[in-house]
Protein chains: 2
Amino acid sequence: MRVYLAGPDVFLPDPLARAAALKQICARHGLIGISPLDPLDGGDLPHWQTLPEAFRIARRNEAHINSCAALIANLTPFRGPSADAGTVFELGFMRALGRPVCGWTNTAAPFIARTRTFCATPAGTHDAEGMLLEDFPGLADNLMIDAAIAASGGTLVIRDLPRAEAWQDLAAFETCVAELGRRR
Amino acid sequence: MRVYLAGPDVFLPDPLARAAALKQICARHGLIGISPLDPLDGGDLPHWQTLPEAFRIARRNEAHINSCAALIANLTPFRGPSADAGTVFELGFMRALGRPVCGWTNTAAPFIARTRTFCATPAGTHDAEGMLLEDFPGLADNLMIDAAIAASGGTLVIRDLPRAEAWQDLAAFETCVAELGRRR
């Protein structure tokens, strides 16, 4: 079973080593991990040649997602209270395909707490621009994300690690992989 | 033609008035704007009753998107360098359905400039955690977002407004609507 590995892991200092580590964990549980950095089977489509590099990457990622039976997203908060935007896009994309989407995060503080910290309003209901803070008990991120994982039959695994370890530790990821692996 | 109106506009102080304003602009161009705040035609599905409120909202939004022929997303940066996470999820969802996705933003600074400002690294290539900054010329947000709009045949409209007006001015939105309206 092919599983797309969404996440800002591609921005880590050695993204190919990270992809290899994620794929190795997948293999241990009988899954084939597909990284956004993988070339496409059969290569890029000929008419992508005229596209800018960024758009070719996106076409490749969409094709990878289409080719996978499930998606696992690294939802560890990235430059703000929410997960990485590209990761969230890909989660929504796979959700629309009706296949299982799973998520993992190494930050246990709920979304409302992280948002309040980000907005520097410890008990506030609105940010400095007067916009409402999304406040539903226990959600890990924007409700579309948590709900998609639940509705798709996927797993959300939350660990609480010091920020310095948030991009290293793969135990939460492996829990997602193991759960998907048991379904094969 | 039904068009889903994705955006953090639902967090504005009077979200129903905002939804009405967006719908009125759609109507002027012969489109039916569908707000995330709209009840579903036919109501919620019976088995949603046991879901928490947040998950019922998400199911409703997914059903709304499925019922629409196109999506227009308010991509004005929201609590970080990127657009609102819920909006990005919905954009990815509609992109997977293969229908046109459009975006508008009232912030003209490109994604790389906003990310550098956010990370307080004026000319940097990496953030304080050692993670790469996505640096492709001219992109308005994460490459999945810009590329999805282009690949779907949608429009991306960028205006440059002072932040204080970013949540009020609807000229960029109307440009998206007018463009979709001409295609009917």
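By convention in this document, chain letters (A, B, ...) are assigned in the order of the sequence lines, proteins followed by strands, and residues within each chain are numbered from 1.
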Grouping I, L, V, M, F, W and Y whenever their side-chain heavy atoms are under 4.5 Å apart, do [X] and [Y] come out in a common cluster?
X        : Y        : result
B/Ile158 : B/Leu161 : no
B/Leu37  : B/Phe173 : no
B/Ile57  : B/Leu40  : yes
B/Ile65  : A/Ile65  : yes
A/Val3   : A/Ile34  : no

(message) With a 6.0 Å cut-off (strictly less than), is the heavy-atom count around CD of B/Gln49, excluding the residue itself, greater than 12?
(response)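 Counting other residues, nucleotides and ligands, CD of B/Gln49 stays at 12 neighbours or fewer.
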(message) I'd like to know whether CD of B/Gln168 has more than 12 heavy-atom contacts from other residues, nucleotides or ligands below 6.0 angstrom.
(response)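 Buried by this count: over 12 neighbours within 6.0 Å.
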(request) May I ask you to name which of B/Ala58, B/Ala150, B/Gly80, B/Ala148 has the most heavy-atom pairs under 4.5 Å with chain A? (result)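 The answer is B/Ala58.
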(message) As an exercise: rank B/Arg163, B/His126, B/Arg56, B/Glu134 by heavy-atom pairs under 4.5 Å with chain A and give me the winner.
(response)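 Most pairs with chain A among the choices: B/Arg163.
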Side chain to side chain, [X] and [Y], heavy atoms closer than 4.5 Å:
X        : Y       : value
A/Met131 : B/Phe78 : yes
B/Asp127 : A/Phe11 : no
A/Asp146 : B/Phe55 : yes

(request) Considering non-hydrogen atoms only, spot the tightest contact between B/Ala54 and A/Leu139 and give its length. (result)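 In this case the closest contact between B/Ala54 and A/Leu139 is CB-CD1, 3.9 Å.
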(request) With chain A as the partner chain, list the residues of residues 82-108 of chain B whose heavy atoms fall under 4.5 Å from it, by residue number, and write 'none' if nothing qualifies. (result)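 Those residues of residues 82-108 of chain B which have a heavy atom under 4.5 Å from chain A are B/Ser82, B/Asp84, B/Ala85, B/Gly86, B/Val88, B/Phe89, B/Glu90, B/Leu91, B/Gly92, B/Phe93, B/Arg95, B/Ala96, B/Leu97.
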(request) Please round to the nearest 0.5 Å and tell me the distance separating atom CE of B/Met144 and atom CG of A/Asn61. (result)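 The CG atom of A/Asn61 is 4.5 Å from CE of B/Met144, to the nearest 0.5 Å.
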(request) Rounded to the nearest 0.5 Å, what's the gap from CZ on B/Arg114 to CZ on A/Arg79? Could you check? (result)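 Reported value, rounded in 0.5 Å steps: 12.5 Å.
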(request) Measure A/Pro52 against the heavy atoms of chain B and call it side chain, backbone, both or neither at under 4.5 Å. (result)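 When you check distances to chain B, no heavy atom of A/Pro52 falls under 4.5 Å.
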Relative to chain A, which segment of [X] carries a heavy atom at a distance below 4.5 Å: side chain, backbone, both, or neither?
X        : answer
B/Leu133 : both
B/Arg59  : side chain
B/Asn66  : neither

